[in-house]
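Notes for the one structure printed next.
Whatever order the structure lists them in is the order used to number ligands and atoms, beginning at 1. In this chain, numbering begins with 1 at the start of the sequence shown. In this text the structure is predicted, and so the values were computed from the model without any measurement.
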Amino acid sequence: MTPTLTILGIESSCDDTAAAVVRGNDILSSVVVGQIDLHKDFGGVVPELAARAHAEKLDHCVEGALQTAGISLGQLDGIAVTAGPGLIGGVLSGVMCAKGLAAATGLPLIGVNHLAGHALTPRLTDQITFPYLMLLVSGGHCQFLIVNDFDDFQRIGGTIDDAPGEAFDKTARLLGLLQPGGPAIEKAATEGDPDRFPLPRPLLNQPGCDMSFSGLKTAILRARDSAITDGNLHLQDQRDLAAGFQAAIVDILTEKTRRALALYLDNTPETPSFAVAGGVAANGAIRDSLQNLCRDHYTAFVAPPLALCTDNAAMIAYAGMERLRNGQIDDLTLSARPRWPLDDRAAPMLGSGKKGAKA
Ligand code: KG4
Ligand code: ZN
């Protein structure tokens, strides 16, 4: 039997400073300190501010995570840290912190790909078996992955421009709704008519699983301008535009997921499973549509709890655990990588989210 490992995870690749202790499939603690206030006046994450804040907060997060877990450094089996992709200053802060701890304790140091952390989360939460299909859909990520093993990810499609969360946020701004845009649009859409404004479904007429969301944003801008009367966007117009936008996103994600599922199911996996993660997966309309699609294809639908879908360090600890179990560790030469595609075989994507280029 494999021994149960206890791992400290550290995450600082974007605008959340996080530390967590995970033992086997149990999350003993998970501390996440966000930076929304720090960046709110700038319309996006300012890398230099983010890096400084990470450097200030990391020690406290690690201390807090160990304390809540009731674990001392000596009781750990390893230290896992996000080594990329992400904003380089932030990633460096985390890697330096982890190296210091590893050097002081002699514990194994494990560099983790942030996207692998997201992609392996359904194994932490639901213990699903390989291979499974994954859709990462957030403010910074949008890609389909067939997860064959803890270190074998096949990217079969993704956005060629914006991430969907970014499109939700920008559209909310155009419609005068609050940030973050996703929940605000979802709420407004409940009272809206999705068919009133004809909006495009970019790339749906093209084969494959790639997606595009930036054209949709431009279409919303035009539709909004056409709806404005007396210099105002009236409440019902705002609701109808929100409903139309959300319906377009649902259609795109559902149709592209249908194609991704067909590719995945082609290899007749023993226990077909589809997992969705990322902030946008909180959207009820998107979730329902994907869940129905999976039911039609006799595929299990897994959506980890939201706190584990968004950036956190428990996923990094868990991904590090899978590497350590398989004898993959790093040494003090571990470097921080701003770009680190999960699947080296796939062509690089152009897209970069509001939170910086991710893959
Ligand atoms: O995964 P996440 O917390 O952060 C990263 O991007 O890494 O995702 C945040 C994104 C935001 O763009 C937010 O607008 C979107 O997820 N989001 C939603 C909903 N809740 C959050 N989008 C659509 N519907 C929602 N209910
Ligand atoms: Zn992330």
Side-chain angles (χ1 to χ4, degrees), residues 9-18 20 32-36 39-40 43-45 50 82-87 90-91 94 112-121 134-143 145 158-159 162-175 177-190 192 213 216-217 242-243 245-250 252-253 275-290 303-316 318-319 338 340 342 351-359:
I10 296 174
E11 156 65 34
S12 56
S13 64
C14 188
D15 59 349
D16 290 307
T17 316
V32 181
V33 178
Q35 304 180 348
I36 289 179
H39 305 288
K40 71 174 185 311
V45 177
T82 299
L87 301 172
V91 180
V112 169
N113 182 310
H114 176 87
L115 298 171
H118 280 301
L120 294 172
T121 300
M134 178 93 205
L135 170 61
L136 287 183
V137 68
S138 70
H141 323 294
C142 184
Q143 49 188 303
L145 297 163
T159 180
D162 292 352
E166 195 177 2
F168 267 102
D169 294 341
K170 288 180 180 165
T171 297
R173 229 167 272 141
L174 290 175
L175 300 184
L177 292 165
L178 292 175
Q179 296 292 317
I185 289 192
E186 183 171 14
K187 184 155 179 279
T190 55
F213 299 97
L216 195 51
K217 206 176 51 203
F245 170 81
Q246 182 173 277
I249 298 267
V250 168
I252 296 168
L253 289 177
V276 65
V280 178
N283 185 285
I286 294 173
R287 204 180 262 247
D288 288 352
S289 180
L290 296 179
L306 199 59
L308 294 173
C309 278
T310 54
D311 287 352
N312 67 87
M315 69 179 190
I316 302 303
Y318 182 78
W340 186 1
L342 266 186
S352 64
K354 73 176 189 309
K355 299 186 167 181
K358 286 286 187 176

Compare every heavy atom of [Y] with every heavy atom of [X], then report the nearest pair and how far apart it is.
X	Y	result
Ser138	Ala163	O-CB, 3.3 Å
Ala188	Ala242	CB-CB, 3.8 Å
Ser13	Pro85	CB-O, 3.7 Å

How open is the angle at the Zn ion (ligand 2) from atom NE2 of His141 over to atom NE2 of His118, rounded to 10 degrees?
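With the Zn ion (ligand 2) as the vertex, the angle is close to 100°.
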
Indicate yes or no: does an N/O atom of [X] lie under 3.5 Å from an N/O atom of ligand 1?
X	answer
His141	no
Asn283	yes
Gly165	yes
Pro180	no
Gly278	no
Gly182	yes

Provide the atom name of the closest N, O or S atom of Asp311 relative to the Zn ion (ligand 2).
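Closest N, O or S atom of Asp311 to the Zn ion (ligand 2): OD1.
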
At a 4.0 Å threshold, what atoms of ligand 1 neighbour a non-hydrogen atom of [X]?
X	answer
Asp169	11 (C), 12 (O), 13 (C), 14 (O)
Gly140	6 (O)
Gly181	14 (O)

Please tabulate, one pair per line, all N/O donor-acceptor pairs under 3.5 Å involving side-chain atoms of residues 275-287, not counting sequence neighbours.
from   : atom 1 : to     : atom 2 : distance (Å)
Asn283 : OD1    : Ala285 : N      : 3.0
Asn283 : OD1    : Ile286 : N      : 3.0
Asn283 : ND2    : Gln246 : OE1    : 3.0
Arg287 : NE     : Ala281 : O      : 2.8
Arg287 : NH2    : Ala281 : O      : 3.1

Quick one: does Asp16's side chain have a donor or acceptor within less than 3.5 Å of a partner on Glu11's backbone?
no

Is a side-chain donor or acceptor of Asp169 paired with a backbone partner of Gly181 at a separation under 3.5 angstrom?
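Side chain of Asp169 to backbone of Gly181: a pair is present.
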
Parallel, tilted or perpendicular: which one describes the rings of His114 and His141, with boundaries at 30° and 60°?
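Rings of His114 and His141: tilted, 30 to 60°.
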
Please classify the Ile286 to ligand 1 contact at 4.0 Å (heavy-atom distances, strictly less than): side chain, backbone, both or neither.
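The answer is neither; Ile286 stays 4.0 Å or more away.
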
At less than 2.8 Å, would any N/O/S atom of Cys14, backbone or side chain, sit next to the Zn ion (ligand 2)?
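Given the 2.8 Å cut-off, Cys14 does not count as a ligand of the Zn ion (ligand 2).
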
Looking at CG of Leu145 and CG of Leu342, how far apart are the two atoms once the value is rounded to the nearest 0.5 Å?
6.0 Å

Does Thr310 have any side-chain hydrogen bond (donor to acceptor under 3.5 Å, both in side chains) partners at least two apart in sequence or in another chain, and if so, which?
none

